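Inspection log for the structure reproduced underneath, given as C-alpha cells.
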Amino acid sequence: MELLSGADMVVRALADEGVEYIYGYPGGALLHVYDAIFRQDKITHVLVRHEQAATHMADGYARASGKAGVALVTSGPGATNTITGIATAYMDSIPMVVLSGQVPSEFIGTDMFQETDMVGISRPIVKHSFLVKRAEDIPETIKKAFYIAQSGRPGPVVVDLPKDITDISKKYEYSYPSKVKIRSYSPPVKGHSGQIRKATELLMQARRPVLYAGGGVVLGKASEQLTQLAKKFNLPVTNTLMGLGSFPGSDEQFIGMLGMHGSYCANLAMHHSDLVIAVGVRFDDRVTNSTAKFCPTAKVVHIDIDPASISKNVPADVPIVGPVDTVLNDMLELVEKEYEPDSNALKNWWKQIDEWRSSRGGLFGYDKGDESIIKPQQVIETLYEVTKDRDTFVTSDVGQHQMYASQYYRFDKPNRWINSGGLGTMGFGLPAAMGVKLHYPDAEVACVTGEGSIQMNIQELSTCRQYDLNVKIINLNNQALGMVRQWQDMQYNSRYAHSYMESLPDFVKLAEAYGHVGIKVSSPADLEPALHEAFSLNNRLVFLDVDVDPNEHVYPMQIREGSMRDMWLSKTERT
C-alpha cells in the first residue's frame, strides 16, 4: 500500500478522479497542498487574481463540459471570496467542487487568524459540504464530493481541509475508491412508467401543445431525445434562458425563448396552449410572470430529476421524477410501439403560431432608427453572422447585454451558451469564458458583457495573459447599468439613481496595459470589420469596446403581475 501525506492525497485523489485543471489562489492554510501540487505534473494549477474568478472559471468549464470544475482557496477571506461563485453554481445546478483551507483542527472555534466557518457560511448554497477530520478520510471524501456534485440534480460541494490533516511530514495508506455509495442519497435512475404513459396519451390528444425545455435538458444530456420528440410530434419548442441550445435555435420549430424577455410568439403560444410538456425546468418567476395566470387552459406534464422542483411553483397534472434523457427515451419507445402521431393534428396550431411569429418581423424585432448609432441588438446579430460557422461558445455577464445575446444569437448546440441565470452574477462572463477556453483551446470563445459587469473581474485579464487564454470580449458600452436604468425609465419616472457610469476607463488602453489587443467601435460601418478582425487574431485576446445606443430597452418585457401574454413590445406599445 502506498503511503502519502494528506496534502499529497488531496492532489492524487483529484488526479485519480480525472481532474486536469484546478483554479485557485494560495494562502497559509493550504501551503501543504500547494507544495504537493508543485511536486507533481498531472494536474495544472491556474493562478487567478481573485478567488471569485476561480469559482467562475470552474463553473464555466462545468457548463461547457458537463464535468465538475475544481476551485482551491485558502481559509478565511479566501474561502469567503468564493461564496458568490458557489451561489451562482447552486442556483443553476452546476457541478463544482470547492476545496477550502481551514485552520488546524485544534484551533477551530478559537477565532484563530483567518478562521471562518466555511461549512456553516456555505450551507444554504451547496448541495453538500464536508469538514475532513482525519487525513485517512481524504480519498473517500473527495470521491463522495464528485459523486454528489455530478449525480442527480448537480450542484456545488465544499470540502473544508484543516491544515493539520494535510501535514506533509505525516504519511498514511492511500487508496482511491472506484465508487462510493451513500445510504441517504439515491438519485432516481428511471421515471415511472405509468406516468410516462399518461403524459404520452395527453400528448396524443393535444391540439395546442408546447414543448418547454430548460437547463435540465442541457445538464441531463437529453438534447437529442428532446429533438426527436419534437420532430416526431411536430411540436413547437421554446427554451428558458438556461435551456438555449437544447433544441436548435435556427430550426423552424423553435419559437424563441420564453418569459420576462421572451419572444412575442413563445409567450403567446404558452398562454394559449392546451398542453405544456415541461422538461428540466423549475417554472421560475422569470418565466411564469404571475403563476395564478400562467397557461390558464393548459394541462402540465413536468419532467425533472429533482422531486422538490415538481409542483413547487406551478402544479403538475402529470409529474414525472427521473433523468430527463431516460424519461424521453421511454416516451419515444412507447410512441414507437403503440402510437402513430397524426401529422395534421397541429395544422391549425402552427398556422396561428406562424401568424404570431411573422407579425413581429421574426422572433425578435427592433427599431433600427436612423442607423447612425449602433444598436446593441445589431452587435449580437453581427456577432452571430461572423461566428455561426465556428462552433462558438458564448458567455455573458448579467444585464441588457445578456438578454440581447439570448434573443439574437442562435444556439444550435447545447453547452454553448454559458451565463448566470438564477443568481444573475455580474462579473461572471470573463472568468467563465476563461474556464471554457482553457479546456477547449481550439474553440472560439466570446464573452458578451457591459461596462458595469466587466469591471467586476477585469483583473483576470492578467490571468488571461499568463495562460494565453485568448478569448474575445465584446463590451456593449452604453455608459450605464442598462437594465437598472431601463427599470428606472419604466417604473421610476426616469429617476436615474446611481445607474450612470460617470467615470469609465479607456478600455482599449486598459486592455493594452494587460498585454492584449483593444479595438474601439463607434460607427455602425465599423462593426462587422472589427469583429472579423478580432476573430482573425487567433493568438490574441481582443477587447472590443462597442459604443451602443444608451437609450435602448430590451423588449418584449412582461408586464408585472400579468399573464404570459401581457407584454410591453416597445416604449409605447403593449399587448
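Here the structure is a predicted model, which means the values were calculated and not measured.
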Are [X] and [Y] packed together at the side-chain level, in the sense that at least one heavy-atom pair is separated by less than 4.5 angstrom?
| X | Y | value |
| --- | --- | --- |
| Q114 | P77 | yes |
| Y23 | T463 | no |
| D251 | K231 | yes |
| V218 | M242 | no |
| R63 | I94 | yes |
| M9 | Y172 | yes |
| V158 | M96 | no |
| E173 | E2 | no |

If every non-hydrogen atom of [X] is compared with every non-hydrogen atom of [Y], which pair is closest and at what distance?
| X | Y | answer |
| --- | --- | --- |
| I121 | P124 | O-CD, 3.6 Å |
| P95 | A62 | O-CB, 3.3 Å |
| L423 | A87 | CD2-CB, 3.6 Å |
| V70 | A58 | N-CB, 3.7 Å |
| G450 | N475 | C-OD1, 2.9 Å |
| V103 | S75 | N-CB, 4.4 Å |

* **S193 and D330 side chains, donor-acceptor separation under 3.5 Å** =>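 No, no side-chain donor-acceptor pair sits under 3.5 Å.
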* To do: Establish, from distance only, whether the side-chain atoms of T44 and Y467 form a donor-acceptor pair under 3.5 Å.
  =>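 No, Y467 and T44 have no side-chain donor paired with an acceptor closer than 3.5 Å.
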When the ring centroid of [X] is compared with that of [Y], is the distance short of 6.0 Å?
| X | Y | value |
| --- | --- | --- |
| F393 | Y440 | yes |
| Y409 | F411 | yes |
| H302 | F283 | yes |

Would you indicate whether [X], at its atom [atom1], is surrounded by more than 12 heavy atoms from other residues, nucleotides or ligands within a distance under 6.0 Å?
| X | atom1 | answer |
| --- | --- | --- |
| E224 | CD | no |
| K312 | NZ | no |
| F113 | CZ | no |

* Going through the distances and angles, do Q455 and F507 end up as a side chain to side chain contact (heavy atoms under 4.5 Å, CB included)? -> CA-CA 10 Å; Q455 292 187 88; F507 287 109; 4.1 Å; yes
* Output, in order, the C-alpha distance, side-chain angles, deciding distance and verdict of side chain to side chain contact (heavy atoms under 4.5 Å, CB included) for R465 and Y514. => CA-CA 7 Å; R465 180 65 171 169; Y514 278 106; 5.7 Å; no
Nearest 0.5 Å please: distance from the [atom1] atom of [X] over to the [atom2] atom of [Y].
| X | Y | atom1 | atom2 | value |
| --- | --- | --- | --- | --- |
| F543 | C447 | CZ | SG | 8.5 Å |
| N457 | H50 | CG | NE2 | 7.0 Å |
| S5 | H32 | OG | NE2 | 8.5 Å |
| D59 | T88 | CG | OG1 | 6.5 Å |
| R49 | C464 | CZ | SG | 9.5 Å |
| I418 | L244 | CD1 | CG | 11.5 Å |

* Check each of Y34, F38, Y21 against H45 using the side chain to side chain contact (heavy atoms under 4.5 Å, CB included) test, and report the only one that passes. =>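 Only one of Y34, F38, Y21 forms a side chain to side chain contact (heavy atoms under 4.5 Å, CB included) with H45, namely Y34.
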* In this structure, which one of N239, T227, V237 forms a side chain to side chain contact (heavy atoms under 4.5 Å, CB included) with L211? ->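 Running side chain to side chain contact (heavy atoms under 4.5 Å, CB included) over N239, T227, V237 with L211 returns exactly one hit, V237.
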* Please assess T80 against T116 for the test side chain to side chain donor-acceptor pair (under 3.5 Å), listing each intermediate value before the final yes or no. => CA-CA 8 Å; T80 58; T116 55; 5.9 Å; no
Within the side chain of [X], is there an N or O that forms a donor-acceptor pair under 3.5 Å with the backbone of [Y]?
| X | Y | value |
| --- | --- | --- |
| Q225 | N329 | no |
| E460 | P431 | no |
| D325 | K221 | no |
| T387 | R390 | no |
| K437 | A443 | yes |
| T110 | F107 | yes |
| R416 | P414 | yes |
| K388 | R410 | no |
| Y404 | G399 | no |
| K472 | R540 | yes |

* Asked: Relative to each other, are the rings of H128 and F130 parallel, tilted or perpendicular (30° and 60° limits)?
  ->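 Judged by the thresholds at 30° and 60°, the geometry between H128 and F130 is perpendicular.
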* Asked: Salt bridge check: are D304 and R282 linked by an N-O gap of less than 4.0 Å?
  ->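 No, this pair does not count.
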* To do: Decide, yes or no, whether a salt bridge links R39 with D8 under the criterion of side-chain N to carboxylate O below 4.0 Å.
  =>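 A salt bridge is present here (some side-chain N lies under 4.0 Å from a carboxylate O).
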For residues 140-148, which side-chain N or O atoms pair as donor and acceptor with protein atoms under 3.5 Å away, sequence neighbours left out?
from	atom 1	to	atom 2	distance (Å)
T141	OG1	D137	O	2.7
K143	NZ	E17	OE1	3.4
K143	NZ	S178	O	3.4

* Evaluate side chain to side chain contact (heavy atoms under 4.5 Å, CB included) for I380 paired with Q407, printing each intermediate quantity in order. => CA-CA 9 Å; I380 305 301; Q407 290 176 335; over 6 Å; no
* Going through the distances and angles, do S453 and F428 end up as a side chain to side chain contact (heavy atoms under 4.5 Å, CB included)? -> CA-CA 8 Å; S453 288; F428 173 84; over 6 Å; no
* Asked: For the side-chain hydrogen bond (donor to acceptor under 3.5 Å, both in side chains) test, which of T449, N419, D397 pairs with Q402?
  ->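 The residue from T449, N419, D397 that satisfies side-chain hydrogen bond (donor to acceptor under 3.5 Å, both in side chains) with Q402 turns out to be N419.
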